[in-house]
Amino acid sequence: MPKTPPLPSHPDRFAQAREMQAVALLEDYVELIGDLIAEHGEARVADIAERMGVAQPTATKAVSRLKREGLATSRPYRGVFLTDEGASLADRVRARHRTVVALLIAVGVPPQTAELDAEGIEHHVSDEALRAFETFLDSFDS
């Protein structure tokens, strides 16, 4: 039996978990902004806050972080827009979400539950696991 690699120390694991949560939230905002732009041509902070279920100052703070990270821009009296990098990230997150949903449905999870569960899983699945999911789904469809 292969030997299990040692786990990182507790502080390292907790720090990594907090960082992953921060990245997941960033990805959720980018994906939502992309969806709003597709629907309305722009993403207003009020609409972002409403869809995320947060107060406008919270959404404004998140948008500021996206701008600092080079993922979004905004214009006075206009909405928030994704940079090329932000749009690319939104596309990757959306594709990951679709793959996770498809896998969950393929193994028998009801579609509505699969959508909800994928919302958390999509941010934490590794590229290696995602490729395995895609390979499984390709063979499942055959």
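For the numbers below, each heavy atom of this structure counts, side chains included, while hydrogens, waters and symmetry mates do not.
With hydrogens and angles ignored, the 3.5 Å screen pairs no side-chain donor or acceptor of Thr113 with any backbone N or O of Val109. With hydrogens and angles disregarded, no donor-acceptor distance shorter than 3.5 Å links the side chain of Thr58 to the backbone of Val54. When atom types are taken as modelled, the side chain of Thr83 and the backbone of Gly70 share a donor-acceptor pair closer than 3.5 angstrom.
Nearest heavy-atom pair, Ala118 versus Val101, reported as atom, atom and distance to 0.1 Å: CB-CG2, 3.4 Å. Heavy atoms only, all atoms of each residue included: Phe81 and Gly41 are closest at CE2-O, 3.4 Å. When all heavy atoms of Ala87 and Leu82 are compared, the pair lying nearest together is N-CB, 3.7 Å.
Atom CG in Leu130 sits 10.5 Å away from atom CD in Glu122 (nearest 0.5 Å). Between atom CZ of residue Arg68 and atom OG of residue Ser64 there is a gap of 6.5 Å, rounded to the nearest 0.5 Å. Remark: Leu36 CG to Ile48 CD1 distance equals 6.5 Å, nearest 0.5 Å. Here the straight-line distance linking atom CG of Leu66 with atom CG of Leu89 works out to 9.0 Å at 0.5 Å rounding.
Taking the side chain as every heavy atom from C-beta outward, Val93 and Val30 never approach each other to under 4.5 Å. The closest side-chain heavy-atom distance from Tyr29 to Arg65 is not below 4.5 Å. In this structure the side chain of Gln56 never reaches within 4.5 angstrom of the side chain of Lys61, judged on heavy atoms. Looking at heavy atoms from C-beta onward, Ile121 lies in side-chain contact with Leu104 at the 4.5 angstrom threshold.
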ask   = Given Leu32 and Met52, is the side chain to side chain contact (heavy atoms under 4.5 Å, CB included) satisfied, shown in steps?
value = CA-CA 8 Å; Leu32 174 61; Met52 292 295 287; 3.4 Å; yes

*asked:* Between Asp35 and Arg51, does the salt bridge (Lys or Arg N to Asp or Glu O under 4.0 Å) criterion hold? Intermediate values first, please.
replied: CA-CA 11 Å; Asp35 291 346; Arg51 293 255 188 118; 5.8 Å; no

Glu119 and Asp28: side chain to side chain contact (heavy atoms under 4.5 Å, CB included), yes or no, with the steps?
-> CA-CA 9 Å; Glu119 206 43 60; Asp28 282 341; 3.1 Å; yes

Derivation and outcome, side chain to side chain contact (heavy atoms under 4.5 Å, CB included), residues Arg44 and Val80
CA-CA 6 Å; Arg44 296 179 316 126; Val80 178; over 6 Å; no

- [ ] Please assess Glu27 against Arg96 for the test salt bridge (Lys or Arg N to Asp or Glu O under 4.0 Å), listing each intermediate value before the final yes or no.
- [x] CA-CA 11 Å; Glu27 290 177 344; Arg96 268 197 332 245; 2.7 Å; yes

Requested in this report: Could you go through the side chain to side chain contact (heavy atoms under 4.5 Å, CB included) check for Leu26 and Leu71 one step at a time?
Outcome: CA-CA 10 Å; Leu26 187 87; Leu71 299 170; 3.7 Å; yes

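In the hydrophobic clustering of ILVMFWY residues, with side-chain heavy atoms under 4.5 Å counting as a link, Leu25 and Val125 come out apart. Under a hydrophobic-cluster definition in which Ile, Leu, Val, Met, Phe, Trp and Tyr are linked whenever side-chain heavy atoms come within less than 4.5 Å, directly or via other members, Leu116 and Leu103 are assigned to different clusters. The hydrophobic clustering, which links ILVMFWY residues whose side-chain heavy atoms are closer than 4.5 Å, places Val107 and Leu137 together.
Defined by atom type and a distance below 3.5 Å, a donor-acceptor pair is present between the side-chain atoms of Arg92 and Ser88. A donor atom on one side chain and an acceptor atom on the other are not found under 3.5 Å apart for Thr73 and Lys67. Side chain to side chain, Glu115 and His97 meet the donor-acceptor criterion of an N or O pair below 3.5 Å.
Other residues, nucleotides and ligands contribute only 12 or fewer heavy atoms inside 6.0 Å of the CD atom of Gln112. Sparse packing is recorded around CD of Glu50, with 12 or fewer heavy atoms of other residues, nucleotides or ligands lying under 6.0 Å away.
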